[in-house]
**Q** 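Can you read through this structure? Questions will come right after.
Every number for a ligand or one of its atoms is a count from 1 in the order of the listing.
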Amino acid sequence: MTTADSKPRVFSGIQPTSDSFHLGNYLGALRQWVALQETSDAFYCVVDQHAITVSHDPKVLHQRSRTSAAQLLALGVDPERSALFIQSQVPEHALLNWILGCETGFGEASRMTQFKDKSAKQERTTVGLFTYPVLQAADILLYQTDRVPVGEDQRQHLELSRDLAARFNNTYGRTFTVPEAYILKETATIKDLTEPEKKMSKSSSGPRGCLNLLDEPNQMRKKIKSAVTDSEAEVRYDAENKAGVSNLLVVYSALSGTAIDKLEDEYRGKGYGDFKSDLAELVAESLEPIARATREYLDDKAELDRLLTKGAEKARAVASRTLAKAYKKVGFYPPVAN
Ligand code: ATP
Ligand code: LTN
């Protein structure tokens with residue numbers, strides 16, 4: 001057994017639906033992507049096929065896929081160790097999606113809460129948006145994935161992936177690894193800075209509620225300083241009654257590595273001004289290098305495309321093996337070479 005074979009397999013994906021990832025993406029998921037490379041055999045995917053489930057501009061999508069890949073490299077995804085690729089370059093995702101769609105109950109798909117939330121915001125809801133979690137299951141199962149690092153909002157989709165893997169294995173014999181969600185409790189849901197009862201989100205947060213990784217450092221400072229808190233002026237963690245301050249404490253702790261109770265001690269009797277100023281500096285200092293490195297990756301388009309092609313080739317080698325197994329199991333003919 002080679003070293004790579006003995007390591008757990010990790011897969012995750014992110015949609016290229018904005019010009020910049022945000023602090024919630026970073027602390028909830030992407031930091032774990034980077035950390036897990038140390039101990040796992042990782043496949044990381046910019047899921048552009050998921051991004052067309054809502055209306056989109058083709059040029060903007062193409063550019064955002066590239067910016068997304070550049071940000072992932074800037075954050076520390078290492079293309080020498082992990083496969084970093086664009087979903088549409090690996091056709092096996094769409095092909096397995098069909099098979100899994102035929103294993104998914106209509107009622108089962110109808111229970112997905114993200115579909116309900118997202119369709120309510122669309123003028124026109126597509127079948128693609130409805131079957132989105134099935135494509136997500138295909139993404140994951142193609143790589144015989146053990147762990148999927150995501151934020152809390154993806155837990156239900158991960159349950160569906162697990163159910164589909166187990167059901168398929170039951171019906172046709174062992175084909176897929178049953179994946180587990182990898183969700184860090186502390187940072188599972190980073191909240192919107194202006195409406196701290198909601199999650200920070202690129203599609204539903206207002207401009208001051210969502211802190212983007214590619215924001216100018218001064219913009220980041222402003223967003224932290226204008227974050228909604230409460231009238232108590234006491235830096236204390238209480239997610240229910242002090243949602244705004246608690247969210248800032250979570251961010252502070254995650255970026256500094258200092259435990260929340262230590263931060264409470266440090267700011268006891270100091271009020272929110274010092275706390276927010278220090279956090280604003282910490283955020284700007286921690287994230288500024290990411291923006292710089294992203295620009296460098298974007299400056300060398302040929303090199304970025306070369307890395308992505310290499311990633312897609314590595315992904316296809318694994319994905320095509322799993323797809324061939326699934327084809328055989330359901331009684332399909334194998335694809336012919338062109
Ligand atoms: P959208 O608003 O379009 O749904 P999003 O901002 O929620 O987008 P996604 O692209 O759906 O971001 O998420 C990418 C990854 O980041 C996922 O693993 C998701 O769980 C995680 N994530 C997104 N928002 C947060 C958040 N506020 N806190 C923690 N994790 C998050
Ligand atoms: N649904 C996810 C994005 C996504 C994903 C995946 C995450 C698509 N395929 C596979 C983990 C594994 C989202 O909206 N954040």
**Q** Angle between ring planes, Tyr327 versus Phe332, binned at 30° and 60°: parallel, tilted or perpendicular?
**A**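 Rings of Tyr327 and Phe332: perpendicular, over 60°.
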**Q** Tell me the nearest of Gln136, Gln15, Gln49 to atom 6 (C) of ligand 2, using heavy-atom distances.
**A**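 Among Gln136, Gln15, Gln49, the closest heavy atom to atom 6 (C) of ligand 2 comes from Gln136.
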**Q** Among residues at least two apart in sequence or on other chains, which ones pass salt bridge (Lys or Arg N to Asp or Glu O under 4.0 Å) with Glu264?
**A** none
**Q** Within the 4.0 Å heavy-atom shell around Val47, which atoms of ligand 2 are there?
**A** 8 (C), 9 (N)
**Q** Nearest protein heavy atom to atom 14 (O) of ligand 2, by residue and atom, and its distance?
**A**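 It is Tyr132 OH, 2.7 Å.
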**Q** Which residue and atom name correspond to the protein heavy atom nearest atom 8 (C) of ligand 2, and how close is it?
**A**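 I find the closest protein heavy atom is His50 CE1, 3.5 Å.
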**Q** Go through the structure and list residues passing salt bridge (Lys or Arg N to Asp or Glu O under 4.0 Å) with Asp305, not counting sequence neighbours.
**A** Arg66, Lys301
**Q** Would you mind telling me if ligand 2 is within reach of the side chain of Leu135, the backbone, both or neither, using heavy atoms under 4.0 Å?
**A** neither
**Q** Out of Leu249, Val235, Val245, which residue meets the side-chain contact (heavy atoms from CB on, under 4.5 Å) rule with Tyr267?
**A**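 Going through the options one by one, the only one that passes is Val235.
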**Q** Does a salt bridge link Arg268 with Glu234, judged by any charged N lying under 4.0 Å from a carboxylate O?
**A**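 No, no charged N to carboxylate O under 4.0 Å.
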**Q** Quick one: does Val148 get within less than 4.0 Å of ligand 2, heavy atoms only?
**A**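 Distance cut 4.0 Å: Val148 passes for ligand 2.
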**Q** State which residues pass ring-ring contact (aromatic ring centres under 6.0 Å, His included) with Tyr132; sequence neighbours excluded, sorted by chain then number.
**A** His50, His157
**Q** Looking at atom 15 (N) of ligand 2, what's its closest protein heavy atom, distance included?
**A** Gln154 NE2, 3.4 Å
**Q** Just to confirm my output: which protein heavy-atom neighbour is closest to atom 9 (N) of ligand 2, and how far is it?
**A**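 Here the closest protein heavy atom is Asp139 OD2, 2.7 Å.
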**Q** Under a 4.0 Å heavy-atom cut-off, which residues neighbour ligand 1?
**A** Ile14, Gln15, His22, Gly24, Asn25, Gly28, Ala29, Lys118, Val150, Gly151, Asp153, Gln154, Thr187, Ala188, Thr189, Ile190, Lys199, Met200, Ser201, Lys202, Ser203
**Q** Which class fits the ring pair Trp33 and Tyr44: parallel under 30°, tilted 30 to 60°, perpendicular over 60°?
**A** parallel
